[in-house]
There are 2 protein chains.
Amino acid sequence: MDKIQKLKNRIDTVVSLTDEELSMFSKAFVLKKISKNDFFLKEGQIANFIGLLNQGVLIYFKSMDNGDEITTDFAFEGDWVTAIQSRLSNSPSLINIKAIENSELLVIKQQDLSDIYIKIPKIERLGRILMEQAYLKMVEQNIDFQVFSAKDRYERLLKKHPQIFQRVQLYHIANYLGIDPKSLSRIRKQIFD
Amino acid sequence: MDKIQKLKNRIDTVVSLTDEELSMFSKAFVLKKISKNDFFLKEGQIANFIGLLNQGVLIYFKSMDNGDEITTDFAFEGDWVTAIQSRLSNSPSLINIKAIENSELLVIKQQDLSDIYIKIPKIERLGRILMEQAYLKMVEQNIDFQVFSAKDRYERLLKKHPQIFQRVQLYHIANYLGIDPKSLSRIRKQIFD
DNA sequence: TTTATTTGGTAACAAATGTGGAGCAAATGA
DNA sequence: TCATTTGCTCCACATTTGTTACCAAATAAA
């Protein structure tokens with residue numbers, strides 16, 4: 001499947017572009033390969049780009065003052081990838097984005113995207129909608145923590161991303177759930193009994 | 001203090017407007033009074049406005065399927081108030097916003113705001129920056145839940161909003177912290193011993 | 001290959017949090 | 001005034017989660 005088709009699949013759910021618009025849009029994207037354990041973005045860098053994940057798995061994490069790292073999110077095939085805070089404010093990123101499999105992304109620079117906003121307003125609409133979705137996801141994630149137990153959160157994650165357990169190590173998942181890997185182990189044992 | 005001055009105080013930290021711009025901007029705001037326990041926005045309504053809280057305290061909460069209500073945020077004097085998801089997407093709000101004291105807000109309609117964006121681009125910048133801050137706040141809130149214990153979250157809240165404990169009932173705070181009011185009571189006892 | 005290192009798992013104990021019951025003081029209403 | 005409700009605290013007990021230590025399997029490195 002070529003670049004244009006992959007973009008089209010991902011965009012069609014939100015806005016529909018003519019072949020010409022799609023072609024112009026896709027020209028601005030560059031293929032980027034990232035090896036396992038390499039960074040797509042490091043804390044302190046400015047995220048002046050957006051990526052569409054073609055292949056692989058990425059994790060978002062933040063380094064805390066005490067040296068701990070906390071996993072805030074994952075990205076799978078089809079997900080848009082960027083550090084929203086950094087991109088919006090054009091300021092250094094507070095988070096890291098790292099590949100935990102060999103991965104491939106289609107990447108567009110923020111500047112090129114801004115240019116396209118002017119030429120194809122529908123793309124600006126796409127941008128706004130993706131931003132909204134990102135915000136809503138954050139709100140939902142928050143409520144998850146507020147009202148659900150660790151076990152419930154695990155089961156909800158299981159339902160939402162069944163693939164995650166084949167591709168992401170358990171300590172990353174525990175970290176994401178905000179619990180100790182041992183606690184996760186216990187929860188898993190309990191469920192599969 | 002008049003309307004213009006209140007707006008100016010709140011905006012100055014982000015963008016600086018000329019007297020003329022400020023005057024034009026402030027004309028679009030209308031004063032709205034809300035009695036204790038009345039709603040600024042109900043679930044299902046569309047938030048086609050933004051408010052600046054002059055006086056009072058509001059809480060944001062979401063009704064869950066099982067009938068529970070969970071407090072997701074508070075607003076105090078000087079805070080901008082709206083349902084971001086609803087306003088951005090012009091769709092029904094998923095949350096409620098209610099006054100827990102007699103309150104007063106300066107309210108601007110989304111349509112008027114959009115008109116002003118065109119006349120005063122600096123205001124659009126203000127809008128973008130406030131959106132960013134809201135997003136960042138959400139991210140921080142998330143990390144709070146992920147890494148801190150209930151006790152730590154209580155102490156962080158105490159540090160961030162010392163006024164909250166004089167003005168918001170403890171069961172609202174417990175709800176916001178994601179714990180049982182009894183647990184909060186115990187934590188408080190523990191701290192003040 | 002052999003040897004470290006990483007990863008996932010178990011068990012035992014400690015600490016934190018939830019649950020249900022009870023009491024008390026302040027606010028509210030008849 | 002008196003009764004009721006509401007918000008808060010405390011107690012005892014159950015459940016959940018964290019901590020530490022240890023082991024086995026998988027993986028990486030030599």
Side-chain angles (χ1 to χ4, degrees), chain A residues 35-38 56-57 59 61 64 66-71 74 98-102 142-158 161-193, chain B residues 35-38 57 59 61 64 66-71 74 98-102 142-158 162-193:
Chain A
S35 302
K36 180 172 175 175
N37 292 325
D38 282 354
V57 181
I59 64 172
F61 64 96
M64 305 302 286
N66 62 7
D68 287 357
E69 293 181 343
I70 59 165
T71 303
F74 304 97
K98 194 173 87 169
I100 58 173
E101 291 181 2
N102 292 331
N142 234 303
I143 289 175
D144 260 28
F145 272 107
Q146 215 168 344
V147 295
F148 295 109
S149 68
K151 187 179 170 189
D152 288 346
R153 291 203 304 282
Y154 176 81
E155 287 176 327
R156 288 164 66 81
L157 184 63
L158 188 67
H161 294 295
Q163 2 74 300
I164 208 174
F165 300 99
Q166 326 308 327
R167 306 180 70 181
V168 179
Q169 288 152 342
L170 287 184
Y171 71 88
H172 278 138
I173 294 175
N175 190 329
Y176 173 77
L177 293 173
I179 61 176
D180 192 278
K182 312 297 172 190
S183 300
L184 178 56
S185 166
R186 222 169 356 196
I187 287 170
R188 285 163 59 83
K189 185 187 173 196
Q190 201 179 346
I191 289 176
F192 292 119
D193 274 354
Chain B
S35 301
K36 180 172 174 174
N37 293 325
D38 283 354
V57 181
I59 63 171
F61 64 95
M64 305 301 287
N66 62 7
D68 287 357
E69 292 181 344
I70 58 165
T71 302
F74 304 98
K98 193 173 87 171
I100 59 173
E101 290 181 4
N102 293 331
N142 234 301
I143 289 175
D144 261 29
F145 272 108
Q146 214 169 345
V147 296
F148 294 109
S149 67
K151 187 180 171 189
D152 288 346
R153 290 204 303 281
Y154 176 81
E155 286 176 328
R156 288 164 67 82
L157 184 63
L158 188 67
Q163 3 73 299
I164 207 174
F165 300 98
Q166 327 309 326
R167 306 180 70 182
V168 180
Q169 287 152 340
L170 287 184
Y171 70 86
H172 278 138
I173 294 175
N175 191 328
Y176 174 77
L177 292 173
I179 61 176
D180 191 279
K182 316 280 179 64
S183 301
L184 178 57
S185 169
R186 215 170 5 198
I187 288 171
R188 284 162 60 83
K189 185 189 172 195
Q190 202 180 347
I191 289 176
F192 293 119
D193 276 354

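Sequence lines set the chain letters: A, B, ... in the order given, protein chains first and strands last, and positions in each chain run from 1. Note that this is a predicted model, so its numbers are computed, not measured. Computed over heavy atoms, backbone and side chain alike; hydrogens, waters and symmetry mates excluded.
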Any side-chain heavy atom of [X] within less than 4.5 Å of one from [Y]?
X       : Y       : value
D68(B)  : V147(A) : no
L157(A) : Y176(A) : yes
I100(B) : Q169(B) : no
Y154(B) : I179(B) : no
R188(B) : F165(B) : yes

For atom CD1 of I191(B) and atom C1' of dT9(D), their distance in whole Å: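 In whole Å, dT9(D) C1' and I191(B) CD1 are 15 Å from each other.
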
My understanding is that only residues two or more places apart in sequence, or in another chain, count here; which of them pass salt bridge (Lys or Arg N to Asp or Glu O under 4.0 Å) with R156(A)?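 For R156(A) the salt bridge (Lys or Arg N to Asp or Glu O under 4.0 Å) partners, ignoring immediate neighbours, are D144(A).
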
Minimum heavy-atom separation for [X] and [Y], please, with both atom names.
X       : Y       : answer
L184(A) : L170(A) : CD2-O, 3.4 Å
F74(B)  : H172(B) : CZ-O, 4.0 Å
T71(B)  : F61(B)  : CA-CB, 4.0 Å
Q146(A) : N175(B) : NE2-O, 3.3 Å

Reading DNA chain C from 5' to 3', where do the contacts with chain A start and stop? Cut-off is 4.0 Å to heavy atoms.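 Reading along DNA chain C, I get dT7(C) to dA12(C).
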
Sub-3.5 Å donor-acceptor pair from the side chain of N102(A) to the main-chain atoms of S35(A), do we have one?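 No; judged by distance alone, with no hydrogens or angles, the pair does not exist.
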
Distance in Å, [X] [atom1] paired with [Y] [atom2], rounded so as to fall on 0.5 Å steps:
X       : Y       : atom1 : atom2 : value
E155(A) : S149(A) : CD    : OG    : 7.5 Å
D152(A) : L177(A) : CG    : CG    : 11.0 Å
I143(B) : F145(A) : CD1   : CZ    : 10.0 Å

Quick test: give all pairs of protein nitrogen or oxygen and nucleotides 27-30 of chain D nitrogen or oxygen below 3.5 Å, distance rounded to 0.1 Å.
none

Give me the residues of residues 166-174 of chain B where at least one heavy atom lies under 4.0 Å from an atom of DNA chain C, by number, or none. none

Using five base pairs at each end, measure the axis-to-axis angle across the helix from dT1(C)-dA30(D) to dA30(C)-dT1(D) and round it to 10 degrees.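 Nearest ten degrees gives 40° for this helix.
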
Restricting both atoms to N or O, compile the protein contacts to nucleotides 14-18 of chain D shorter than 3.5 Å, with distance only.
{"unit_1": "dT17(D)", "atom_1": "OP1", "unit_2": "A150(A)", "atom_2": "N", "d": "3.2"}
{"unit_1": "dG18(D)", "atom_1": "OP2", "unit_2": "D180(A)", "atom_2": "N", "d": "3.3"}
{"unit_1": "dG18(D)", "atom_1": "OP2", "unit_2": "S183(A)", "atom_2": "OG", "d": "2.8"}
{"unit_1": "dG18(D)", "atom_1": "N7", "unit_2": "R186(A)", "atom_2": "NH2", "d": "2.9"}
{"unit_1": "dG18(D)", "atom_1": "O6", "unit_2": "R186(A)", "atom_2": "NH1", "d": "2.7"}

